[in-house]
There are 2 protein chains.
Amino acid sequence: MKKTPIDKTDIGILNALQLNGRISNRQLGSTLHKSESAIKVRVQHLQEAGLIKRFAAIVEPKLLGRGLIGYVQVIVERHTEQDLTAFMEKAKALDEIMECYHMTGAFDFLLRIAVADMDEYSKVLMKKLGNLPGVRHFESFFVMSEVKNETAYSIGE
Amino acid sequence: MKKTPIDKTDIGILNALQLNGRISNRQLGSTLHKSESAIKVRVQHLQEAGLIKRFAAIVEPKLLGRGLIGYVQVIVERHTEQDLTAFMEKAKALDEIMECYHMTGAFDFLLRIAVADMDEYSKVLMKKLGNLPGVRHFESFFVMSEVKNETAYSIGE
DNA sequence: GTTGAAAACGGAGCCTA
DNA sequence: TAGGCTCCGTTTTCAAC
């Protein structure tokens, strides 16, 4: 069905496609010394195996009215399965929450919020995050400047 | 030179390309009621204007030996420009640091680290993060499970 | 690999503000 | 008249055999 082990060619494909998701199979083949068809089936397999989740255009939120990025640490009231899953379901549904992780340590969830400005953040915090179920405590931290934001994992193997 | 205002067609293009970066111009045109050529020049303009930063394959780090994600809060010794820029330059150069933000509030930088496992994290912390210049304090938090990780900003205008 | 289909590219001409 | 569009021929890429 699918090949689990990854070889050097797959690594080359993954590294290249992470940097340019629109590179042609032919061009990939010429740098990796494989035929276009060989590249094609490998890319398909990488997608079916879930190594490539999707192809996406990476946009600049600053230029699209989502320039304020905040990270929010969340502590919930009780750590029952119902409460945790209820929180997670609601978090997934909110457009302003770009990322949500269940964390180890001093807090339970870490959220990445993207909004236009502090006015909107204030509204989101009160009207939306405030209504998330079972929350005991929020603490917000804001991004002043983005030093690095890399989507491409450098794969060496 | 370039068109700053974004219209409804651009919004449609951006929303679609964020979800599928490999959708064809022709297909985009048919849903947005424009010709293939019109879509093509708009996508070019969106790239030149920096609204689209790049196209990328989004991969699954768990399947690529980068399954442990940690967030690290960093407090630096002094907030001089030299110290801050020195830290940022070094952070940018480290492959394990996928994201680095200069933050407001109780700590100075937030790092997203992707490594294979706790053994590797321990080494990275001591050998690499420990050598970042001017650091006073680290605090690490780890992702137990990823509830949501969205790269597509929903653009409404 | 080869071949037919599909998509991208690039230019000419049209329409509108 | 400049910007944006459509139309269409050419080149490149895709996809199936």
Side-chain angles (χ1 to χ4, degrees), chain A residues 1-66 151-155, chain B residues 1-60 63-64 151-157:
Chain A
M1 177 185 175
K2 71 188 62 164
K3 48 186 290 293
T4 334
I6 328 190
D7 66 5
K8 197 165 172 56
T9 303
D10 291 319
I11 290 172
I13 291 172
L14 288 168
N15 281 323
L17 284 179
Q18 284 188 97
L19 297 176
N20 177 9
R22 286 193 152 185
I23 196 172
S24 73
N25 292 339
R26 180 163 304 181
Q27 196 175 335
L28 261 177
S30 83
T31 67
L32 297 172
H33 309 102
K34 288 277 182 303
S35 77
E36 175 197 338
S37 312
I39 300 293
K40 187 191 122 191
V41 300
R42 279 170 180 267
V43 171
Q44 278 178 342
H45 287 163
L46 290 170
Q47 289 187 263
E48 286 160 10
L51 291 160
I52 296 177
K53 293 197 284 188
R54 64 183 177 280
F55 292 92
I58 307 297
V59 304
E60 176 50 66
K62 275 186 205 157
L63 302 177
L64 291 165
R66 305 287 290 273
T151 57
Y153 298 85
S154 78
I155 305 166
Chain B
M1 178 184 176
K2 71 187 63 162
K3 46 184 294 292
T4 334
I6 319 193
D7 66 5
K8 198 164 172 56
T9 303
D10 291 319
I11 291 172
I13 292 172
L14 288 168
N15 281 323
L17 285 179
Q18 285 187 97
L19 297 177
N20 177 7
R22 285 193 153 185
I23 196 173
S24 74
N25 292 339
R26 184 161 303 182
Q27 195 175 336
L28 260 176
S30 82
T31 69
L32 298 172
H33 310 102
K34 288 277 185 300
S35 76
E36 171 202 340
S37 307
I39 301 294
K40 187 190 123 195
V41 300
R42 278 171 179 268
V43 171
Q44 279 178 340
H45 288 162
L46 290 170
Q47 291 188 261
E48 287 161 9
L51 291 161
I52 296 176
K53 292 198 283 188
R54 66 185 177 278
F55 292 92
I58 308 296
V59 304
E60 176 52 65
L63 302 177
L64 290 164
T151 57
Y153 297 85
S154 76
I155 305 167
E157 189 72 7

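Below, chains carry the letters A, B, ... as their sequence lines are ordered, and counting in each starts from 1. Because the structure is a prediction, the values reported are computed rather than measured.
- The distance between atom CG of B/L28 and atom P of C/dA8, rounded to the nearest whole Å, is 9 Å.
- Between D/dT13 and A/S24, a contact under 4.0 Å exists linking OP1 or OP2 to a side-chain N or O.
- Shortest non-hydrogen contact noted between A/I52 and B/A57 is CG2-CB, 4.2 Å.
- The distance between atom CD1 of A/I23 and atom P of C/dA7, rounded to the nearest whole Å, is 21 Å.
- We find that CZ of B/R22 is positioned 9 Å from P of D/dA15, with the value rounded to whole Å.
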side-chain contact (heavy atoms from CB on, under 4.5 Å) between A/R54 and B/T151, worked out: CA-CA 11 Å; A/R54 64 183 177 280; B/T151 57; 3.0 Å; yes
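- Each of A/S37 and A/Q27 lies near DNA chain D, and the nucleotide nearest A/Q27 is the one positioned closer to the 5' end.
- Using a 4.0 Å heavy-atom cutoff across all strands shown, B/K40 reaches at least one base atom of the nucleic acid.
- Atom CG of A/N25 and atom C1' of C/dA7 are 13 Å apart (whole Å).
- Distance, B/I39 CD1 to C/dG10 C1': 17 Å, rounded to whole Å.
- Using modelled atom types, no side-chain atom of A/R42 and backbone atom of A/I13 make a donor-acceptor pair closer than 3.5 Å.
- Distance, B/D7 CG to D/dG4 P: 9 Å, rounded to whole Å.
- Remark: side-chain polar atoms of B/Q18 are paired, donor with acceptor, to backbone N or O of B/Y153 under 3.5 angstrom.
- For the pair A/E36 CD and D/dT12 P, the interatomic distance rounds to 13 Å; values are reported in whole Å.
- Between the CZ atom of B/R26 and the P atom of D/dC5 there is a distance of 17 Å, given to the nearest Å.
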